[in-house]
Amino acid sequence: MDVQQTLLKEIQDSKMWYARVKDDNTYKRDLGKRIELINWVLENMKNPDTNICALIENKMNEIIDEINKKDSILEADPLDSEVRILDWILYVVCSHE
């Protein structure tokens, strides 16, 4: 399975679980963010001139900077989830390079 197929499968699985979760909670928020970030990566992968690994790393660094500006763990938690999701995406996309 290539990288795009892996990411598309993850979107499909995440959408399935997102639809099954009835309450708005952290898990559902993270699933929505996972879908959003994977779609963002797939869109950027369409441009062959884009260094996708560097782009993902830059986005992670921007989010980490935002986390460092937060005053509480509760404010930083959604951003921390984004970094963890991007870390997984970075591994999937860039481990072959």
Side-chain angles (χ1 to χ4, degrees):
M1 188 179 288
D2 75 349
V3 171
Q4 285 186 322
Q5 289 174 327
T6 300
L7 294 176
L8 290 170
K9 173 81 170 106
E10 186 64 27
I11 288 174
Q12 181 182 13
D13 291 347
S14 295
K15 284 182 177 180
M16 177 193 65
W17 285 109
Y18 187 88
R20 288 185 180 180
V21 176
K22 300 300 180 204
D23 298 329
D24 286 335
N25 56 32
T26 303
Y27 180 62
K28 190 168 186 171
R29 178 198 71 205
D30 287 353
L31 286 170
K33 188 51 79 170
R34 177 178 292 272
I35 294 165
E36 177 187 328
L37 290 171
I38 293 172
N39 279 323
W40 174 77
V41 168
L42 287 170
E43 277 300 311
N44 282 294
M45 287 176 72
K46 290 178 183 177
N47 182 353
D49 296 330
T50 301
N51 181 342
I52 195 67
C53 298
L55 185 66
I56 296 169
E57 288 176 348
N58 286 339
K59 182 147 182 92
M60 289 174 70
N61 287 333
E62 289 172 9
I63 295 169
I64 289 168
D65 288 343
E66 287 182 49
I67 289 171
N68 290 333
K69 294 176 186 174
K70 298 295 179 186
D71 292 329
S72 76
I73 293 172
L74 293 176
E75 290 178 348
D77 184 59
L79 296 172
D80 182 62
S81 294
E82 281 187 52
V83 171
R84 286 186 282 112
I85 293 165
L86 283 169
D87 187 52
W88 176 83
I89 294 170
L90 181 68
Y91 174 76
V92 170
V93 172
C94 301
S95 64
H96 304 292
E97 293 183 3

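Values in this document were obtained by computation on a predicted structure and should not be read as measured data.
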How long is the gap from [atom1] on [X] to [atom2] on [Y], to the nearest 0.5 Å?
X	Y	atom1	atom2	value
Q5	Q12	CD	CD	11.5 Å
L55	C94	CG	SG	10.0 Å
L7	I89	CG	CD1	6.5 Å

Can you name the nearest heavy-atom pair linking [X] to [Y], along with the distance?
X	Y	value
I85	D30	CD1-O, 3.7 Å
V83	M60	O-CE, 3.9 Å
K28	D23	CD-O, 3.6 Å
L90	C53	CD1-O, 3.8 Å
W40	L86	CZ3-CD2, 4.3 Å

Exercise. Heavy atoms, side chains only, cut-off 4.5 Å: are E10 and V92 in contact?
Worked result: no
Problem set entry | Side chain to side chain, N44 and I56, heavy atoms closer than 4.5 Å | no
Exercise. Among I52, L37, I11, whose side-chain contact (heavy atoms from CB on, under 4.5 Å) with L42 holds?
Worked result: I11
Problem set entry | Qualifying side chain to side chain donor-acceptor pair (under 3.5 Å) pairs with a residue from residues 58-80, counting only residues at least two apart or across chains | R29-D77, D80-R84
Exercise. With a cut-off of under 6.0 Å to the ring centre and 45° to the axis, is R34 in cation-pi contact with W88?
Worked result: yes
Problem set entry | ILVMFWY cluster, V21 and M16 together (side-chain gap under 4.5 Å) | yes
